[in-house]
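This report concerns only the one structure given below.
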Amino acid sequence: AGTNCLTVPSVSLEGESLWRIRSLPVSPWQTLRAKLELHLAVTLPPALLCAGVLLAVVRAALPMVLLGLLAVALFVVLSAAVGLVLGVLMPSFHWTSETAVIKQSPFCLLAMLLSWGAALALFAGTAALSHRMPPAVGLSLVCLLLAGADALALRWLKTKGAARFETT
C-alpha cells in the first residue's frame, strides 16, 4: 500500500491544463477528494485482500482479523492523504513528459519513504509493547493512532490544502 503513488503526482500531472479543472463547477475539495477516491479504489482492495490472506494463514481470531483489516484500511487512507498533501504542497508543473512527474519525482520517493517509515514505526512500536499488553490492545492503539493521523491530514486537505490547490 505504501508503494502505490497515485496522489502525489496527480496534482502535477494537471500541468498547464490546471485551469480546466478550476473552470469546472466543483469545489477544490471535490477535486482533491476525487484524487483520493481514485487512490483508494486502486489500492484498498488489493491491500485488504493481502491482509485477509495473511490473517487467514496465521489463523488470527476474529477480533484480530477485524482490527487488522481496519488498520490496513486506515493506513491506505493515510498514505493517500499524505501523498496528496505532498502533491499540493510541492507541485511540479514544468515537465517534459509524464514519466518525469511519476517515476522521477523526488516527492513520489518521499511519499513512499514516509509510508514505509510510518509502517515500520507502527510495527516497531507494537512489537516493543507486545510483551506488556495483549495484541488486540496494541492493534487498537495502532488503529486509533492511524485514525487520528488520517483525520489531521484530511482536515488539512479540506481546508488549507483546498485553498492552496485553488491558488496553485
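Note: hydrogens, waters and symmetry copies are ignored here, and every other heavy atom, side chains too, is used.
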Can you name the nearest heavy-atom pair linking His39 to Ala80, along with the distance?
CD2-CB, 3.2 Å
Answer yes if Leu78 and Leu113 sit in the same cluster of Ile, Leu, Val, Met, Phe, Trp and Tyr residues linked by side chain heavy atoms under 4.5 Å apart, and no otherwise.
no
Starting at SG of Cys143, measure out to CG of Leu74 and round the result to the nearest 0.5 Å.
5.5 Å
Hphob cluster co-occupancy, Leu109 + Trp116, side-chain heavy atoms under 4.5 angstrom
yes
Do the non-hydrogen side-chain atoms of Leu44 and Leu48 ever get within less than 4.5 Å of each other?
yes
I'd like to check Ser27 versus Gln30 (side-chain heavy atoms, cut-off strictly below 4.5 Å). Are they in contact?
yes
How many angstroms lie between atom NZ of Lys35 and atom OG1 of Thr7, to the nearest 0.5 angstrom?
10.0 Å
When rounded to the nearest 0.5 angstrom, what distance separates CG in Leu36 from CG in Leu84?
5.0 Å
Considering only heavy atoms from C-beta outward, does the side chain of Leu86 approach that of Leu114 to under 4.5 Å?
yes
Within a strict 4.5 Å, meaning less than it, do heavy atoms of the Leu141 and Thr126 side chains meet?
no
I need the minimum non-hydrogen distance between Ser140 and Leu67, along with the two atoms involved.
OG-CD1, 3.5 Å
Would you say Ser115's side chain and Ser79's backbone share a donor-acceptor pair under 3.5 angstrom?
no
ILVMFWY network linking Leu66 to Leu70, side-chain heavy atoms under 4.5 angstrom:
no
By side-chain hydrogen bond (donor to acceptor under 3.5 Å, both in side chains), Asn4 pairs with (sequence neighbours left out) Thr43
Joining Ile, Leu, Val, Met, Phe, Trp and Tyr whenever any side-chain heavy atoms lie under 4.5 Å apart, the cluster holding Val42 also takes in Leu6, Leu38
Quick one: closest heavy-atom pair of Leu157 and Ala81, and the distance?
CD1-O, 3.8 Å
Indicate the atoms forming the closest heavy-atom contact of Leu40 with Pro45, along with that distance.
O-CD, 3.5 Å
What one should report as the nearest heavy-atom pair of Leu69 and Gly52 is CD2-N, 3.8 Å
Common cluster, Val88/Met112, ILVMFWY with side-chain heavy-atom separation under 4.5 Å:
no
d(Arg164 CZ, Trp156 CH2) to nearest 0.5 Å is 6.0 Å
Taking the side chain as every heavy atom from C-beta outward, state whether Met64 and Leu139 have any pair of such atoms under 4.5 Å apart.
yes
With rounding to the nearest 0.5 Å, note down the distance linking CG in Leu154 to CH2 in Trp29.
5.5 Å
